[in-house]
4 protein chains.
Amino acid sequence: MGEPNTKNALIESAIRIFQQKGFQMTRVSDIVSDAGVSQGTFYNYFRSKEEVFREICNDFIDQVQKKFIERTEHMFDGDTSAEVVGNVHQVVRDLFKIYHDNLDVAELLFREGIGNGGIFKEIYEGMLAIFLELIEEQVQKAVHRGFIHIEDAQIGSVFLFGLFERSLLYFMLIQKTADLDKLERVMVEFILKGLSFDYNFKI
Amino acid sequence: MGEPNTKNALIESAIRIFQQKGFQMTRVSDIVSDAGVSQGTFYNYFRSKEEVFREICNDFIDQVQKKFIERTEHMFDGDTSAEVVGNVHQVVRDLFKIYHDNLDVAELLFREGIGNGGIFKEIYEGMLAIFLELIEEQVQKAVHRGFIHIEDAQIGSVFLFGLFERSLLYFMLIQKTADLDKLERVMVEFILKGLSFDYNFKI
Amino acid sequence: MGEPNTKNALIESAIRIFQQKGFQMTRVSDIVSDAGVSQGTFYNYFRSKEEVFREICNDFIDQVQKKFIERTEHMFDGDTSAEVVGNVHQVVRDLFKIYHDNLDVAELLFREGIGNGGIFKEIYEGMLAIFLELIEEQVQKAVHRGFIHIEDAQIGSVFLFGLFERSLLYFMLIQKTADLDKLERVMVEFILKGLSFDYNFKI
Amino acid sequence: MGEPNTKNALIESAIRIFQQKGFQMTRVSDIVSDAGVSQGTFYNYFRSKEEVFREICNDFIDQVQKKFIERTEHMFDGDTSAEVVGNVHQVVRDLFKIYHDNLDVAELLFREGIGNGGIFKEIYEGMLAIFLELIEEQVQKAVHRGFIHIEDAQIGSVFLFGLFERSLLYFMLIQKTADLDKLERVMVEFILKGLSFDYNFKI
DNA sequence: AATGAATGAGAATTCATTCAT
DNA sequence: CATGAATGAATTCTCATTCAT
């Protein structure tokens, strides 16, 4: 009783405090006092501070990955350029939403996942690998279907990822005032043009 | 480049160790033993561990910023599209070189600058602001000259920055095997097309 | 020997784990998980970890003491030297058996009883006192009957105890390969000669 | 400066406190406050509480071993029984002295060396092996020279060790009132008789 | 300038014990 | 009787920083 509640409370507090103070500066005592449980209770659920962090990140990545697959697999679907453009918009909008819905953990991962002496390097790089592969696959498909063109699909997918990730980091987490509709519009146009999209194709 | 004095030795050691272990995991004792001086000596030159880090980052940013200005201020110069394309290539190549020449500190800054509970958030965000402003300025100029187009120059400059930074992070620091000529080619094409560059303009 | 109830299970587990890990390194959680009951159940039977240990030791000492009295009180009985020698052999053999039958607790007590910051000093020293007194009594009796001789019976009984205890510790617990028949033979001879036994006496 | 003093102070305090409270119950804070230095200083000299203990024990064993070799190697020297008896007395007296001079560490080792979940089992057993070997060697030599007799020299040396160690433990550390002259006299007689010493031999 | 021993606040983690169910 | 989540005191060890020499 209280079992899953306590663990959830700890996870939620951990996310909140990690986000505020960063992993290294967060004390287990901060987490437990935020969660309203005792110091020892923490260790009934997690072996260490690092373990909560990993658990949070992995949960997030799993969940986002699943949604990401659902959304992106129809990214360049469509028989006419208008349909494709519509789908790309839809995908970008969906991804914004996923990101926005998980803003706290996303921030945590993007901020913390890189530094910290490489403790979480593997987590960030693992996530990067997963997403790059998924994006590349879609880009390849569209290249084969002939309505976009890029010399190297892997490079292209790194561009798309960088473009997307840094934009959201910048506009959602740093500036915190984002006109998401506009961002979506500008991004879709930039991407499609960058990928030499054929705005007049029809199968 | 400077005289091989104690302070330089400490800075070089600090860069090396920070890069290997990250800021938080680096011990002052690691730095001094790498530099071959005693623990106390460190504090004759720096008030704290944080101070060396700031000094390293700020030196890097100052230096890169200067080069960056030099290079980018002629980014979209030229009276014909061919000249502009040539200049863009030149700028991208130069930036690659700057990044490559400072790979150690660049990695340090990009890896550490974000996390760490916001200690260095300000450094990273300061740097981001500087570069975004410089890029935006160039983009604006080119938009006014009429041969590129983008709905919002700030958004565009974030795209360019993200594109560039994450690509170099990925190919230079993670994959570690980069065909820089190809990357340059693909990047320039992607950027110019993304910015609706008029490949046929002539003044 | 008892009913296979929870308390016995806990005691048996406690003996096993204490023996493996020592008192201090044994966790109550080790004991209960070995016994297959929950953490709380332990405290329905024992007030503390120390209490199980005391209970185990005291049970052992009581039981051994009883047997020890039975056996030793006829140690030097007999009207001829041959009878006495036979009885001494019998006693030594019996004591070996007691020790062997209780090897686990014996080890526990001899290993743990001394150290641990004196927590169990009293237990070990109490046991020592009991056995030394019993031995001394027998030695006195034999001295009075005139067929052994020793300047100080207390010192002699300490010798006998040390001789016996360390031998069994060494051969049973450290070397683990003991030719008990030989050990018995050598020990009886050593003891009797050491005590200036008159191999030719007859009443 | 202060360097060896601090370390020595810590070792002396450690011996004192370990002896009073036992290894497990001793806190590093007890040691440092007794030594009058700060908590951190302890860790400039020892990696852990265990390390001081090992260092203390090993120093003691090394030192005692050296003296023990010096003394025992002439244990059964002599051309007449009287000379041998004299030598045995001398050796026993010397060993009492070594033990007495190092009473604090001896107590520490004999009390703590055994228990503690086997952490220091190896230390105690290592020491035991060393001393048993040295004793056995002397016993063998005397057996070959023909004036003592024992069926098994190894068993005999375990007897001698047990006899000696437990006596000193009992009379010096537990009873704390020992008539050492008498103990020596009784012990030498017991040992020699136990070993079937030929009180009339002459070469 | 250089040294390096000393400092001590601070953090993570452990585990015997309690108690409401 | 049994349970097991919760507790929190207690302890070890770390490491940036100071300062007398």
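Residue numbers begin at 1 in each chain, while the letters A, B, ... track the order of the sequences.
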Q: Indicate, yes or no, whether a donor-acceptor pair under 3.5 Å links the base of dA5(F) to the side chain of Asn44(A).
A: no

**Q.** Arg27(B), Arg16(B), Lys21(B) screened by salt bridge (Lys or Arg N to Asp or Glu O under 4.0 Å) with Asp34(B), the one that passes
**A.** Arg16(B)

Q.
Counting C-beta onward and ignoring hydrogens, is there a side-chain heavy-atom pair between Phe18(D) and Lys49(D) closer than 4.5 Å?
A. yes

Q: With the side chain counted from C-beta on, respond yes when Gln63(C) and Asn102(C) share a heavy-atom pair under 4.5 Å apart, and no when they do not.
A: yes

Q) Which of these nucleotides, dT12(F), dT17(E), dA5(E), is closest to any side-chain atom of Tyr43(D)? A) dT12(F)

Q. Is there side-chain contact between Tyr124(A) and Met127(A), with heavy atoms separated by less than 4.5 Å?
A. yes

Q) Would you call Ile11(D) and Tyr45(D) a side-chain contact if the rule is heavy atoms closer than 4.5 Å? A) no

Q) Could you state the CD1-P distance from Ile31(C) to dC15(E), rounded to the nearest angstrom? A) 13 Å

Q | Residue mapping more 5' on DNA chain F - nearest nucleotide basis, Tyr45(C) or Arg27(B) | A | Tyr45(C)

Q. So which one's nearest nucleotide on DNA chain E is more toward 5', Phe42(C) or Gly40(B)?
A. Gly40(B)

Q.
Side chains of Phe60(D) and Ile123(D), heavy atoms from C-beta outward: is any pair under 4.5 Å?
A. no

(Q) By the 4.0 Å heavy-atom rule, please label Phe46(D) as base, sugar-phosphate, or nothing. (A) nothing

(Q) Taking side chain to side chain contact (heavy atoms under 4.5 Å, CB included) as the criterion, tell me which of Thr6(D), Val52(D), Val37(D) meets it with Phe42(D). (A) Val52(D)

Q. Whole Å only: how far is the CZ atom of Phe23(A) from the P atom of dA11(E)?
A. 14 Å

Q) From dT13(E), dT3(F), dT7(F), pick the nucleotide closest to the side chain of Val37(C)? A) dT3(F)

Q.
Nearest to the Thr6(C) side chain among dA2(F), dA2(E), dA12(E), which nucleotide is it?
A. dA2(F)

Q. With sugar-phosphate meaning primed atoms plus P, OP1 and OP2, does Thr26(B) contact a base, only sugar-phosphate, or nothing at under 4.0 Å between heavy atoms?
A. sugar-phosphate

Q | Ser38(B) or Thr41(C), whichever maps to the more 5' nucleotide of DNA chain E | A | Ser38(B)

Q) Just the dot-bracket of DNA chain F, please: which string comes out with Watson-Crick or G-U pairs under 3.5 Å, [ ] for crossing, | for another strand? A) .||||||||||||||||||||

Q.
What is the distance, to the nearest angstrom, from the CD1 atom on Ile17(B) to the P atom on dC15(F)?
A. 14 Å

Q. Atom CD of Gln24(B) to atom P of dA12(E): distance rounded to whole Å?
A. 12 Å

Q: Take the protein atom CG of Asp30(B) and the nucleotide atom P of dA16(F), then report the distance between them rounded to whole Å.
A: 8 Å

Q: Figure out the NZ/P separation between Lys49(B) and dT18(F), and round it to whole Å.
A: 15 Å

Q. Given atom CD of Glu51(C) and atom P of dT18(E), what is their separation to the nearest angstrom?
A. 12 Å

Q.
Pick the closest DNA chain F nucleotide for Gln39(B) and for Arg47(D) by heavy atoms, then say which residue is nearer the 5' end.
A. Arg47(D)

